[in-house]
Amino acid sequence: MSSTPAIPDAEALYTQLLAGVRALLRPDTRLVGITSGGAWLVERLQKDLGLAGAPGVISSAMHRDDFARRGLSASAQTALPFDVNGADVLLLDDVLYTGRTIRAVLNELFDFGRPGCVRLAVLVDRGGRELPVAADFAATTLALPPSQSLALARADDGAFSLQVEESK
């Protein structure tokens, strides 16, 4: 069995993410959360930053390179309540690992138009990249063995926690 490093407090990481996103904001930045952990983060960030309007939610399901194996998930579908063309988009995700989800999300985003700028902020960067993807901001870096996965969980009261699971 693989040993698991100490898992940081997700609420403390969220506070760091909030500060990092605040520093990345421009007057016309639109927040877009990747389903599902990123969507939870962006929902709370939109409120905590006092931003008007609804945040965007984007799904990687239709553009994943493992779509044939995974199929459509029951998670939320893409909803971008703004014109993507020329937009300053700040993507939010809970965990950045191989970069494959980000590649799929970028393909989905470009199906809706051509943004002026796309940046990425994540709660946890766990390394292990298979594609050349980097976050503009990561609240923390955490190395885990490939046999483990890390995911954000949200309690009924909205509090975040991180969970480590053994991969199948």
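- Between Y97 and P146 the shortest side-chain heavy-atom distance falls below 4.5 Å.
- Counting only heavy atoms from C-beta outward, the side chains of V118 and L109 approach each other to under 4.5 Å.
- The heavy-atom pair separating L80 from V84 by the smallest distance is CD1-CG2, 3.7 Å.
- A87 and F82 make their closest contact through CB-CE1, 4.0 Å (heavy atoms, listed as atom of the first residue, atom of the second, distance).
- The nearest pair of heavy atoms linking L162 to P8 is CD1-O, 3.8 Å.
- Contact annotation: the side chain of R129 never approaches that of T98 to less than 4.5 Å [non-hydrogen atoms, C-beta and beyond].
- No side-chain donor-acceptor contact under 3.5 Å links D94 to the backbone of A151.
- Atom-to-atom distance recorded for T29:OG1 and R119:CZ is 4.5 Å, nearest 0.5 angstrom.
- L49 has its side chain within reach of L18: a pair of non-hydrogen atoms, C-beta onward, lies under 4.5 Å apart.
- In this structure, V133 and L106 have side chains that are not in contact, with every pair of non-hydrogen atoms separated by 4.5 Å or more.
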Derivation and outcome, side-chain contact (heavy atoms from CB on, under 4.5 Å), residues L96 and I102: CA-CA 8 Å; L96 175 59; I102 302 306; 3.9 Å; yes

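- A side-chain donor-acceptor contact under 3.5 Å links R126 to the backbone of P145.
- When all heavy atoms of A121 and L24 are compared, the pair lying nearest together is CB-CD1, 4.4 Å.
- Listed for the Q77 side chain is no donor-acceptor partner under 3.5 Å among the backbone atoms of S59.
- With values rounded to the nearest 0.5 angstrom, L31 atom CG is found 6.0 Å from L25 atom CG.
- There is no path of hydrophobic side-chain contacts, each under 4.5 Å, that joins L91 to V57.
- Once rounded to the nearest 0.5 Å, the distance linking SG of C117 with CZ of R30 reads 14.5 Å.
- Annotation for L13 and A139: closest pair O-CB, 3.5 Å, computed over non-hydrogen atoms.
- We find the CG-CG distance between D88 and D28 to be 5.0 Å, quoted to the nearest 0.5 Å.
- With hydrogens and angles left out, the side-chain atoms of E165 and Q148 include no donor and acceptor closer than 3.5 Å.
- Side-chain contact between F112 and I58 is absent, with no heavy atoms from C-beta onward closer than 4.5 Å.
- For P115 against V89, the heavy-atom pair with the smallest separation is CB-CG2, 4.1 Å.
- L17 pairs in a side-chain contact (heavy atoms from CB on, under 4.5 Å) with only one of the listed residues (D48, V122, T140, L92), which is L92.
- Between R154 and E43 a salt bridge is recorded (basic side-chain N to carboxylate O distance below 4.0 Å).
- Contact annotation: the side chain of L152 approaches that of W40 to within less than 4.5 Å [non-hydrogen atoms, C-beta and beyond].
- Within the model, atoms CD of E108 and CD1 of I34 stand 11.0 Å from one another, a figure rounded to the nearest 0.5 Å.
- Rounded to the nearest 0.5 Å, atoms OH (Y14) and CG (L41) are 7.5 Å apart.
- Q163 places no side-chain N or O within 3.5 Å of a backbone atom of A153 that could act as its donor or acceptor partner.
- Between V105 and H63, the closest side-chain pair of non-hydrogen atoms is not below 4.5 Å.
- Other residues, nucleotides and ligands contribute more than 12 heavy atoms inside 6.0 Å of the CG atom of D157.
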